[in-house]
Amino acid sequence: TTCDSRLSVHQKKKVMERFSSMLLKERVEVLKLNRHSKWQSRFLTVSKEYLSDDEFGQCPKALLWLKNASGKNTGLAAIGEEGKGGFHFSQLMTIERDTSKYPPAEIPKKLRNKFSDYQGVQIQYQAEDGNNRSLLLCFKNNVDARAFVTAVDIIKLVIHRE
């Protein structure tokens, strides 16, 4: 994993809390590569359902991607059996930054200005149907991509302790 082992439990808790709060309030716009190698604009958020952990406090149960920033369905029910719409953090297998300098597919013209500095994040998870899925997200900048990977690594650590 890429979780910084130098962070104290208190620091990890703060990172997770800020990440969850930001995604619930603001939603983060990313590009998601679909099965046809086409980028789609999506907005990341976390589920409204949380897991309580004695050491880390409230931990979101799932990552969701919505078609628009004002999407209302932010519960676990928004996740399809084949992994459409999101995944439970308990199903997360790996997450890492994509170190390639160029995206694997051309970014649409109307989104090139927003996503001019390709910062990819590769996620592997197991969908409800038991099949392994791969997800490639493109962030607007390196700071957002790094923060996302660190926060999801911390959530994975908390979820897998349960």
Side-chain angles (χ1 to χ4, degrees), residues 1-34 39-98 114-115 119-162:
T1 66
T2 57
C3 186
D4 193 333
S5 58
R6 295 172 294 179
L7 294 176
S8 70
V9 169
H10 178 73
Q11 290 169 318
K12 287 177 183 176
K13 179 180 178 181
K14 286 287 182 202
V15 167
M16 186 177 67
E17 286 172 350
R18 274 184 291 195
F19 169 78
S20 299
S21 176
M22 180 189 70
L23 285 182
L24 277 173
K25 290 176 188 167
E26 298 172 28
R27 316 261 163 93
V28 173
E29 185 178 12
V30 298
L31 295 179
K32 179 183 151 302
L33 195 63
N34 71 16
W39 291 108
Q40 301 171 315
S41 178
R42 293 292 184 262
F43 295 86
L44 297 181
T45 188
V46 291
S47 65
K48 59 187 174 187
E49 294 89 359
Y50 279 78
L51 169 72
S52 291
D53 181 87
D54 292 339
E55 202 169 9
F56 285 92
Q58 297 291 307
C59 177
K61 288 188 173 184
L63 178 72
L64 307 172
W65 45 89
L66 310 172
K67 288 185 179 182
N68 56 55
S70 61
K72 302 287 185 246
N73 191 0
T74 59
L76 296 176
I79 301 172
E81 190 174 298
E82 295 177 354
K84 191 170 186 170
F87 67 90
H88 295 256
F89 284 116
S90 62
Q91 298 166 320
L92 177 65
M93 294 163 24
T94 62
I95 181 170
E96 58 191 18
R97 288 183 49 244
D98 180 11
K114 279 187 187 178
F115 294 92
Q119 297 297 323
V121 172
Q122 183 78 38
I123 298 172
Q124 303 286 329
Y125 67 97
Q126 187 175 49
E128 292 289 324
D129 64 4
N131 291 317
N132 292 345
R133 301 274 185 232
S134 181
L135 174 67
L136 182 60
L137 301 174
C138 175
F139 286 79
K140 292 178 184 174
N141 58 58
N142 189 32
V143 173
D144 288 351
R146 283 183 183 273
F148 177 78
V149 170
T150 299
V152 171
D153 264 341
I154 292 168
I155 291 169
K156 179 182 175 188
L157 177 90
V158 173
I159 296 279
H160 287 248
R161 287 175 4 144
E162 292 301 310

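Count residues from 1 along the sequence. These figures come from a predicted structure and were not determined experimentally.
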So does [Y] get a backbone contact from the side chain of [X], meaning a donor-acceptor N/O pair under 3.5 Å?
X: Lys156; Y: Met93; result: yes
X: Arg27; Y: Ala69; result: yes
X: Ser134; Y: Gln124; result: no
X: Thr150; Y: Arg146; result: yes

**Asked** Going through the checks in order, is the side chain to side chain contact (heavy atoms under 4.5 Å, CB included) test met by Phe148 and Val28?
**Response** CA-CA 10 Å; Phe148 177 78; Val28 173; over 6 Å; no
**Asked** Do other residues, nucleotides or ligands put more than 12 heavy atoms under 6.0 Å from Lys32 NZ?
**Response**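 Yes, NZ of Lys32 has more than 12 neighbouring heavy atoms, counting only those of other groups under 6.0 Å.
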**Message:** With side-chain contact (heavy atoms from CB on, under 4.5 Å) as the test, pick out the partner of Leu33 among Leu137, Leu136, Leu135.
**Reply:**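 Per the side-chain contact (heavy atoms from CB on, under 4.5 Å) rule, the option paired with Leu33 is Leu136, out of Leu137, Leu136, Leu135.
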Tell me the closest heavy-atom pair linking [X] and [Y], and the distance in Å.
X: Glu29; Y: Ser41; answer: OE2-OG, 2.9 Å
X: Ser52; Y: Gln58; answer: OG-NE2, 2.9 Å
X: Thr94; Y: Leu92; answer: O-CD1, 3.5 Å
X: Val46; Y: Pro60; answer: CB-CB, 3.6 Å
X: Thr45; Y: Leu23; answer: OG1-O, 3.0 Å
X: Ile79; Y: Gly86; answer: CG2-O, 3.3 Å

I need the [X] [atom1] to [Y] [atom2] distance, nearest 0.5 Å.
X: Asp153; Y: Lys12; atom1: CG; atom2: NZ; answer: 9.5 Å
X: Asp129; Y: Lys84; atom1: CG; atom2: NZ; answer: 13.5 Å
X: Lys61; Y: Ile155; atom1: NZ; atom2: CD1; answer: 13.5 Å
X: Gln126; Y: His88; atom1: CD; atom2: NE2; answer: 12.0 Å
X: Asn34; Y: Trp39; atom1: CG; atom2: CH2; answer: 9.5 Å
X: Ile123; Y: Leu63; atom1: CD1; atom2: CG; answer: 6.0 Å

**Prompt:** In terms of ring plane angle, is the pair Phe87 and Tyr125 parallel, tilted or perpendicular, where the classes change at 30° and 60°?
**Reply:**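 If you compare the ring of Phe87 with that of Tyr125, the planes turn out parallel.
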**Item:** Side-chain heavy-atom pair Trp65, Val30 within 4.5 angstrom cut-off
**Value:**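 SC-SC contact between Trp65 and Val30 ruled out.
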**Message:** side chain to side chain contact (heavy atoms under 4.5 Å, CB included) for Arg97 and Asn142? Distances and angles first, verdict last.
**Reply:** CA-CA 9 Å; Arg97 288 183 49 244; Asn142 189 32; 2.8 Å; yes
**Message:** Between Glu128 and Gln91, is there a side-chain donor-acceptor contact under 3.5 Å, judged purely by atom types and distance?
**Reply:**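 There is such a pair (donor and acceptor under 3.5 Å, judged by atom type) between the side chains of Gln91 and Glu128.
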**Message:** Does Phe89 form a side chain to side chain contact (heavy atoms under 4.5 Å, CB included) with Val158? I'd like the steps, not just the answer.
**Reply:** CA-CA 10 Å; Phe89 284 116; Val158 173; over 6 Å; no
**Worked check of side chain to side chain contact (heavy atoms under 4.5 Å, CB included) between Gln119 and Cys138** = CA-CA 5 Å; Gln119 297 297 323; Cys138 175; 5.8 Å; no
